[in-house]
2 protein chains.
Amino acid sequence: MAEPATRTVERALQLLGAVCDAGAVSLAEVSRETELSASTALRLLRTLENSGFVRKDADGEYRPGLRLVQLGAQALSHESLIHLAAPALQRLVDATGESAYLSVRGHQGTGSDHAVYLAIAEGTHSVRHASWVGRSVPLEGSSLGVVFAGKTPDAGYVVSDKGVEVDVTAIAAPLRQLGATGAADDGGPVAAISVVAPSYRMNPAEVERIGQLVAAEARALLGLAVGS
Amino acid sequence: MAEPATRTVERALQLLGAVCDAGAVSLAEVSRETELSASTALRLLRTLENSGFVRKDADGEYRPGLRLVQLGAQALSHESLIHLAAPALQRLVDATGESAYLSVRGHQGTGSDHAVYLAIAEGTHSVRHASWVGRSVPLEGSSLGVVFAGKTPDAGYVVSDKGVEVDVTAIAAPLRQLGATGAADDGGPVAAISVVAPSYRMNPAEVERIGQLVAAEARALLGLAVGS
DNA sequence: TGATGCGTTTCACTTATTGAAACGCTAATT
DNA sequence: AATTAGCGTTTCAATAAGTGAAACGCATCA
């Protein structure tokens with residue numbers, strides 16, 4: 001992979017990602033992280049800055065820029081998946097009181113795999129799992145990891161406690177194929193919905209109840225999802 | 001401006017923007033819009049695709065990619081402004097029944113200036129102004145345009161009817177300086193809040209009432225806003 | 001006062017980008 | 001069927017463009 005690509009652009013995008021991951025970084029830091037020479041990093045960051053993709057704050061550190069916020073917001077609001085999933089997430093919250101998430105597999109490339117929360121419905125319990133849209137969570141050892149690996153058992157959902165976070169039980173189900181074309185993909189689903197709850201509130205019966213709800217909503221979403 | 005920049009990256013970012021603006025475009029279309037030769041556009045789009053910033057759908061058209069959605073969502077959720085402004089917008093809705101918006105000046109560069117809606121609180125009237133996060137609106141002739149030009153009168157708010165949209169009255173107020181440093185900027189505020197309502201429901205007294213509410217919330221936000 | 005690390009600029013070396021042209025393809029058009 | 005038009009794609013020589021080591025000034029720290 002990756003033969004036909006322009007190195008300059010790749011590096012610039014890499015820098016952009018590094019800036020976003022960090023939130024705010026100095027030139028020296030990013031250039032170290034991305035293993036680019038300071039002069040190259042500076043030049044590319046300037047280009048990104050000219051285009052509004054990053055900006056320099058008062059401290060001289062680089063931050064995600066307005067253009068990125070704009071394009072991201074556009075892209076987010078055009079993602080029909082989010083709109084389609086929102087009612088399903090809300091139903092899960094209504095039925096369980098726990099927080100529900102829509103996530104997609106993050107872009108694989110920079111080492112370990114991650115998922116990104118695209119939509120959230122907050123639980124109603126006063127003690128609840130809380131996160132935010134755009135949060136990137138590691139897949140390793142999580143129920144989302146199993147789901148994205150395409151290893152979901154026949155029951156249609158995956159449970160994990162003692163996963164990424166302690167004292168937390170996550171129940172996830174895959175949104176298998178979104179496009180109208182049922183083409184054989186690179187394997188694994190592209191999105192998933194999940195319910196995340198404090199473990200102390202869970203028991204086998206409740207886990208199974210929630211699991212079946214999650215699996216049912218995931219199946220229902222398949223019917224709605226259209227090609228675009 | 002724009003002397004020290006790498007052309008390749010600039011072009012790639014330009015393509016990225018074009019793809020996002022269009023939502024879904026063919027290679028021929030973007031290459032025409034961006035005035036790039038087809039071969040160059042193809043090569044750059046491939047690079048963007050490899051990095052997940054754009055993706056190719058089943059029809060072979062280019063769309064905003066997951067990486068962009070991820071970075072955008074991250075950037076959006078890290079924008080403390082949005083979190084700070086959300087309660088203020090809601091208060092405006094509660095007090096007026098009309099839709100309230102937080103907007104920032106879009107990246108100036110591609111011709112006419114625009115603003116981008118970053119946060120929205122929908123009005124409660126059944127007939128209300130509706131828009132979406134990420135929407136880009138032209139500044140020309142709008143109250144936002146006046147606000148971003150730094151021409152807000154002493155009253156602290158700007159009113160425009162018959163502006164960008166007909167039959168719509170917009171009332172906007174500037175969020176002057178966000179950073180802790182009150183440094184002399186490039187001039188003009190970077191953000192604004194506004195209330196947008198159907199004109200038929202407005203009258204001078206109501207406009208003034210809303211104007212003072214908007215101006216008050218804008219001033220209140222100044223106190224909260226911190227450097228980061 | 002010297003040492004360290006930063007952001008920045010310069011510059012010779014080439015490497016990597018470029019775009020016209022040509023290809024195969026599908027879908028209208030004649 | 002033959003023809004045209006438009007698309008995505010590949011090739012390739014010309015050269016325009018990106019590269020990074022080195023050096024600079026400026027902070028801060030020992």
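Keep in mind that this is a model prediction, so the values were computed, not measured. Lettering of chains follows the sequences in order, A, B, ..., and the numbering in each one begins at 1.
In this structure, Lys56(B) does not pair ionically with Glu61(B), as no charged nitrogen and carboxylate oxygen lie closer than 4.0 Å.
The distance from atom CG of Leu36(A) to atom C1' of dA21(D) is 15 Å, rounded to the nearest whole Å. Atom CZ in Arg46(A) sits about 17 Å away from atom C1' in dA17(D), given to the nearest Å. Per the geometry, CG belonging to Leu44(B) stands 14 Å off P belonging to dA17(D), to the nearest Å. The CD-C1' distance, from Glu10(B) to dG18(D), rounds to 14 Å in whole Å. Leu15(B) has its CG atom 15 Å from the P atom of dT17(C), to the nearest Å. Following rounding to the nearest Å, Leu27(A) (CG) and dT9(C) (P) show an atom-to-atom distance of 11 Å. Taking atom CG of residue Leu45(A) and atom P of nucleotide dG20(D), one finds them 14 Å apart after rounding to whole Å. Remark: C1' of dA27(D) and CG of Asp59(A) are 15 Å apart, rounded to the nearest angstrom.
In terms of phosphate contacts, Arg11(B) brings a side-chain nitrogen or oxygen within less than 4.0 Å of OP1 or OP2 of dG19(C). The shortest distance between the side-chain N/O atoms of Arg7(B) and the OP1/OP2 oxygens of dT15(D) is not below 4.0 Å. At least one side-chain nitrogen or oxygen of Thr40(A) sits closer than 4.0 Å to the OP1 or OP2 atom of dG20(D). A sub-4.0 Å separation between OP1 or OP2 of dA17(D) and a side-chain N or O of Arg43(A) is absent. Between Thr8(B) and dA16(C) there is no side-chain polar atom (N or O) within less than 4.0 angstrom of OP1 or OP2.
Residue Ser39(A) has its side chain nearest to dG20(D) when only dG20(D), dC7(D), dT9(D) are considered.
Nearest-nucleotide positions on DNA chain C place Lys56(A) closer to the 5' end than the other of Lys56(A) and Val9(A).
Using a 4.5 Å heavy-atom threshold, the side chains of Leu42(B) and Arg46(B) count as touching.
In this structure, Arg55(A) contributes its side chain and Pro64(A) its backbone to a donor-acceptor pair below 3.5 Å. A donor-acceptor contact shorter than 3.5 Å links the side chain of Ser160(B) to the backbone of Ser143(B).
The base of dG18(D) has none of its N or O atoms less than 3.5 Å from a complementary donor or acceptor on the side chain of Thr6(B).
Side-chain contact annotation: Ser99(A) with His129(A), donor-acceptor N/O pair under 3.5 Å absent.
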